[in-house]
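First comes the structure, then the notes that go with it.
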Number of protein chains: 2
Amino acid sequence: MTTRRAGLRERKKQATREALREAALRLALERGPDNVRVDDIAEAAGVSPRTYNNYFSSREEAIVAAVTAERGSRVAAAVAARPADVRLADGVLDAIVEQYTAPGEPGRDALLLITTSPALRNAFLDATAAIEHPLADAIDDRLGGTDPFTARVLAASVAAAVHVALERWLQQAATSPAGGGLVVPAGSLPDLLRTALAPLTPALDAAEVRPRRAEH
Amino acid sequence: MTTRRAGLRERKKQATREALREAALRLALERGPDNVRVDDIAEAAGVSPRTYNNYFSSREEAIVAAVTAERGSRVAAAVAARPADVRLADGVLDAIVEQYTAPGEPGRDALLLITTSPALRNAFLDATAAIEHPLADAIDDRLGGTDPFTARVLAASVAAAVHVALERWLQQAATSPAGGGLVVPAGSLPDLLRTALAPLTPALDAAEVRPRRAEH
DNA sequence: GGCGAAATATGCGCACACGCAAGTTTGGAG
DNA sequence: CTCCAAACTTGCGTGTGCGCATATTTCGCC
């Protein structure tokens, strides 16, 4: 068929996964997050309720996934795409900021929706952990012969910093419900991300400069 | 009464919380983790099943809490107790290693139990997040006039590194009994913690040396 | 010492997450 | 083409997490 690589199976899986994401987000947007049951999402996607939980382990996960899907691989690709002569810290920072400031077309009102419900906020924050493994691989590639464990720790730290930044962002986004204006004027997300990642710069630099064993 | 501080309410809360922890761990040890229902734990602690979920939000949390309780405040206190002239990085590292290598009397077989069940492993790893806030406060105290946000990020990174170390430790603890194929260097938990925290040393040093605003 | 407000404990009900054991589909080997 | 094994889906049953309304306990205050 039109598919090049062997994998009709895999295509179907990705299709249902995306169908579930889209259905979950659409229903949550048009009815509000609390008026959507998993059965509704499953039905809208044309699968059994049980199958839903084979793809997502919580009700909020599918909604959030519509926004955060592929964020991990995107960040990893962005890091890998930086020219080899830029500092690792800069590359990582730019890649992160780039991915988190380009929510694309469908993401604007979706993010507003997420701000609404505490459960969705937590799910959104948890989704940050998904960048850890791809980012670890990307960092490991950059560091060449260094211990992969170090890359792993650095990636986890970056993810943790992003988590803190997003937490702060959501927090002040929720606390500023003044006029009800959907616009969140306060500290911009890029600034928050830069500020949160700044303290890690020395660690990333050190890992890059000293490719040998850590220290005695 | 014998209580000094105002708080009979608080005392009772702590009492039931500890009763739940202890009951959960005891039952899990004598019957195996899968043969313990929340109703059993609640009954053993003398409270309603509903009340259990006012204290712990999952079945595993109580069992794990019996081992990890107060770990956050312990770490924070240990950091605060270091003499003022030692480097922050060293202080944090020593405090962490100290707390995670002194599981005390009741912890040995409990940790073995946790190794058994994947659900318990995850709960144990999630419990690592509890050190973030206390540690952030402790680091903030050390850094004096610096931006608290930086301390927050550093604490989150440390917690993430500890998480990675524990993950690796549990993983090889679970894989080792079966043939022990791929044995990794640095088998002991203290070594793993030191190795995981080492890459963050430059970040902690930099935060300590430059107490003024971040940059630019 | 007693009283009103706040915090906590409990019962009820619902939706959810997931293990298990079928049925159903896919990919490949002969 | 056929058939088998592996992967995926589905229905069922159970235990669980938690919102809500209510009863009970604790605290501050006079």
Side-chain angles (χ1 to χ4, degrees), chain A residues 1-21 23-24 27-28 31-65 116-123 126-127, chain B residues 1-21 23-24 27-28 31-65 116-123 126-127:
Chain A
M1 292 301 179
T2 55
T3 39
R4 45 185 60 191
R5 289 303 300 171
L8 177 145
R9 231 185 188 102
E10 199 63 25
R11 276 200 304 135
K12 272 200 159 185
K13 274 185 66 171
Q14 290 312 96
T16 38
R17 168 168 268 112
E18 188 177 339
L20 285 171
R21 282 192 299 224
L27 291 178
R31 316 183 181 178
D34 296 336
N35 301 335
V36 180
R37 321 230 160 289
V38 272
D39 299 22
D40 303 334
I41 303 177
E43 189 185 16
V47 295
S48 140
R50 181 62 182 87
T51 300
Y52 173 88
N53 281 305
N54 289 349
Y55 285 86
F56 300 99
S57 54
S58 89
R59 186 176 61 93
E60 294 79 14
E61 197 174 333
I63 305 177
V64 167
T116 302
S117 158
L120 286 181
R121 281 201 296 258
N122 289 333
D126 288 348
Chain B
M1 293 301 180
T2 54
T3 39
R4 47 184 59 194
R5 292 300 301 171
L8 177 147
R9 232 188 186 101
E10 200 63 24
R11 274 200 306 135
K12 271 201 160 184
K13 274 185 66 170
Q14 291 311 95
T16 36
R17 167 168 269 114
E18 188 178 339
L20 285 170
R21 283 192 300 226
L27 290 178
R31 314 184 180 177
D34 296 335
N35 300 336
V36 180
R37 327 218 163 294
V38 274
D39 298 23
D40 303 334
I41 304 176
E43 189 183 18
V47 294
S48 142
R50 182 62 184 87
T51 300
Y52 173 87
N53 281 304
N54 289 349
Y55 284 87
F56 300 100
S57 53
S58 88
R59 187 175 62 93
E60 294 80 14
E61 197 174 332
I63 304 177
V64 167
T116 301
S117 159
L120 287 181
R121 279 201 296 258
N122 289 333
D126 288 349

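Order of the sequence lines fixes the chain letters, A, B, ..., with proteins taken first and strands second; residue numbering starts at 1 for each chain. All values reported here derive from a predicted model rather than from experimental measurement.
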Output a table of donor-acceptor pairs, distance under 3.5 Å, between side-chain atoms of residues 33-47 of chain A and any protein atom two or more places apart or on a different chain; print 'none' if there are none.
| residue | atom | partner | partner atom | Å |
| --- | --- | --- | --- | --- |
| Asn35(A) | ND2 | Arg31(A) | O | 3.1 |
| Asp40(A) | OD2 | Arg31(A) | NH1 | 3.2 |
| Asp40(A) | OD2 | Arg37(A) | N | 3.0 |

**Item:** side chain to side chain donor-acceptor pair (under 3.5 Å) against Asn122(B), all qualifying residues, sequence neighbours excluded
**Value:** none

**Item:** Pairing residues for Thr16(B) by the side chain to side chain donor-acceptor pair (under 3.5 Å) criterion, not counting sequence neighbours
**Value:** Tyr55(B)

**Message:** Quick check on dG11(C): is either OP1 or OP2 less than 4.0 Å from any side-chain nitrogen or oxygen of Ser48(B)?
**Reply:** yes

**Item:** Under 4.0 angstrom between Lys12(B) side-chain N/O and dT8(C) OP1 or OP2
**Value:** no

**Fill in**
Taking every heavy atom of Tyr52(A) against every heavy atom of Ser58(A), the minimum-distance pair comes out as OH-O, 2.9 Å

**Prompt:** Between the axis at one end of the helix from dG1(C)-dC30(D) to dG30(C)-dC1(D) and the axis at the other (five pairs apiece), what's the angle to 10 degrees?
**Reply:** 30°

**Message:** Contact list please: residues 52-62 of chain A against DNA chain C, heavy atoms, distance less than 4.0 Å, in numerical order.
**Reply:** Asn53(A), Ser57(A), Ser58(A), Arg59(A)

**Asked** 5'-most contact on DNA chain D: Arg9(B) or Val47(A), nearest heavy atom basis?
**Response** Val47(A)

**Asked** Can you tell me how far OG of Ser48(B) sits from CG of Asn53(B), rounded to the nearest 0.5 angstrom?
**Response** 9.0 Å

**Complete:** CG of Asp126(A) to CZ of Arg121(A), rounded to nearest 0.5 Å, is 13.0 Å

**Fill in**
The complete set of salt bridge (Lys or Arg N to Asp or Glu O under 4.0 Å) pairs with one or both residues in residues 51-63 of chain A, sequence neighbours excluded, reads none

**Item:** Heavy-atom side-chain proximity of Gln14(B) to Arg11(B) below 4.5 angstrom
**Value:** no

**Complete:** Those residues at least two apart in sequence (or on a different chain) that pass side chain to side chain contact (heavy atoms under 4.5 Å, CB included) with Thr116(B) are none

**Message:** Would Arg21(A) and Glu18(A) count as a side chain to side chain contact (heavy atoms under 4.5 Å, CB included) here? Give the steps.
**Reply:** CA-CA 5 Å; Arg21(A) 282 192 299 224; Glu18(A) 188 177 339; 3.6 Å; yes

**Asked** Residues from residues 32-44 of chain A sitting under 4.0 Å of DNA chain D, heavy atoms only?
**Response** none

**Message:** Nearest whole Å is fine: how far is dC8(D) P from Glu10(A) CD?
**Reply:** 7 Å

**Asked** Could you state the NZ-C1' distance from Lys13(A) to dT25(C), rounded to the nearest angstrom?
**Response** 14 Å

**Asked** Given Ile63(B), which of Leu120(B), Leu27(B), Leu20(B) fulfils the side chain to side chain contact (heavy atoms under 4.5 Å, CB included) condition?
**Response** Leu120(B)

**Message:** Distance criterion of 3.5 Å, no angle test: do you see the side chain of Arg50(A) paired donor-to-acceptor with the base of dG13(D)?
**Reply:** no

